[in-house]
Amino acid sequence: MGYNEFILGVNVVSVVILLMMGLLLCFAARFKGESSYAVLITVLTTVPIYIYNICRSLGWYDMAIFLAPFGYSANLALMPLLYLLVHRGFNPFYRFTLVRLLHFIPAFLLFAIIGIYLFLLPANEYPHFIAIEDIGRGSWVNNVNYLILLIQLVCYLFVVFRYLRRVKHYICDHYSDSELLRKVWIPRFVLLFAVLFIVAMASYAIWPRTYAWLNQLLNVVTIGYLLYSELVVAFSERYQEATITAAIAAEAEADFITTEVHPPVVESNNGKKEDVEMLNQYARKIDAYLATSEAYINPNLSLKDVATGTGISSKNLSKAINSILGRNFFDLINSYRIEKSKRLLLSKKEKGLTLETIAEQCGFNSRFTFNIAFKKATGFTTSEWLKSYSRSN
């Protein structure tokens with residue numbers, strides 16, 4: 001097998017695998033969410049250069065010349081898109097604005113430069129420009145593309161990892177287990193991507209011929225990890241939905257036994273009894289504060305915020321919630337959000353509300369989180385609950 005045939009084989013197989021796995025992943029993610037965006041990022045920024053390599057290997061020079069500006073500029077959008085993906089994943093207030101298009105200026109510029117160069121290039125020079133052997137010597141297009149990618153790699157990865165480090169504690173404090181499950185793959189994906197990208201760039205610096213085949217293999221690994229992560233989430237969600245009713249029943253039974261058999265007396269670490277009456281007062285104050293202020297509609301509400309609003313120390317606040325109200329902080333906040341969501345669901349048709357709007361107005365970060373919390377609290381999906389309410393009234 002000659003070098004041209006090897007390049008052709010690797011690129012054809014890579015394109016087929018990327019498209020098949022990408023489509024399967026999008027179906028698993030129901031064509032929404034960060035994982036679907038990650039698929040689009042991986043496929044749209046890499047497949048054009050692979051198809052360009054296929055055309056070169058087959059001697060389809062006219063088609064290769066047409067694809068060259070797209071192939072060499074598309075991958076310059078890779079790092080900006082990765083940066084925006086991370087921000088979208090962990091910023092509930094993220095909105096795409098026209099200013100963000102500035103990230104794609106290098107891609108636009110290289111597209112224009114290559115397009116103008118090829119427009120002015122005589123047709124009899126096409127074979128020389130796109131010959132496979134030129135990669136071994138490092139053509140000017142490859143070298144410019146490599147230099148810009150290297151600069152982007154260093155700058156964007158630094159910014160992305162710095163951002164992830166800054167929001168790490170916020171994520172742990174404010175995200176539910178189900179939402180963390182859908183987000184935890186993002187920093188791992190970025191780390192894997194960084195490692196593979198460094199390997200690809202270092203390989204090109206040592207042996208430029210790897211530019212035509214190594215990146216393709218590494219991207220197959222990347223999309224394979226994305227598919228694996230999405231399938232793990234999908235199976236976990238199904239398991240959670242299958243067991244959630246049983247968990248609610250068990251929790252209700254446990255709460256009944258605890259309430260009936262054991263009086264609400266709390267002991268501290270040193271064995272002394274706490275003032276239960278004081279904790280009851282705290283619990284009533286917490287309830288009154290949340291009911292009147294509707295602080296729970298803030299998706300970023302924390303224990304510290306409620307402590308400030310009620311004037312109760314965080315320590316006593318946590319004790320009152322756990323011992324008197326019998327739940328943790330997030331379950332308590334979600335219970336208020338669910339009650340508000342019920343009222344909005346009943347007026348859903350009249351006001352033209354969508355589930356996304358209801359979730360947002362009740363303080364949930366996403367419709368997914370809202371659905372899980374609603375099912376956990378009521379034992380029904382939103383549609384099932386509406387039908388049940390209509391039959392009982």
For the pair Ser293 (side chain) and Tyr289 (backbone), establish whether a donor and an acceptor sit closer than 3.5 Å, ignoring hydrogens and angles.
-> yes
Can you spot which of Ile333, Asn328, Leu303 makes a side-chain contact (heavy atoms from CB on, under 4.5 Å) with Ile321?
-> Leu303
Over all heavy atoms of both residues, which pair between Leu355 and Lys348 is shortest? Give the atoms and the distance, please.
-> CD2-CE, 4.2 Å
Looking only at non-hydrogen atoms, find the nearest pair between Ser313 and Ala307 and report the distance.
-> C-CB, 4.3 Å
Does the cation-pi check pass for Arg337 over Phe370, that is, NZ or CZ under 6.0 Å from the six-membered ring centre and within 45° of its axis?
-> no
Hey, are Glu294 and Lys340 close enough for a salt bridge, meaning a charged N less than 4.0 Å from a carboxylate O?
-> yes
State whether Glu339 and Lys342 are salt-bridged, where the test is any N-O pair (Lys NZ or Arg NE/NH1/NH2 against Asp/Glu carboxylate O) under 4.0 Å.
-> yes
Going by heavy atoms in the side chains, are Val195 and Ile198 under 4.5 Å from each other?
-> no
Evaluate the side-chain proximity of Gln281 to Arg284: yes if any heavy-atom separation is below 4.5 Å, no if none is.
-> yes
Going by distance alone, is a donor N or O of one side chain under 3.5 Å from an acceptor N or O of the other, for [X] and [Y]?
X      : Y      : result
Ser302 : Asp305 : yes
Asn322 : Ser318 : yes
Asp287 : Tyr336 : yes

Fit a plane to each ring of Phe111 and Phe70, take the angle between them on a 0 to 90° scale, and name the class: parallel (under 30°), tilted (30 to 60°) or perpendicular (over 60°).
-> perpendicular
What pairs with Leu19 under side chain to side chain contact (heavy atoms under 4.5 Å, CB included), at least two apart in sequence or on another chain?
-> Val15, Val43
Pair Tyr72 + Tyr52: ring centers closer than 6.0 Å = yes
Between CG on residue Leu317 and CD1 on residue Ile286, distance to nearest 0.5 Å = 4.0 Å
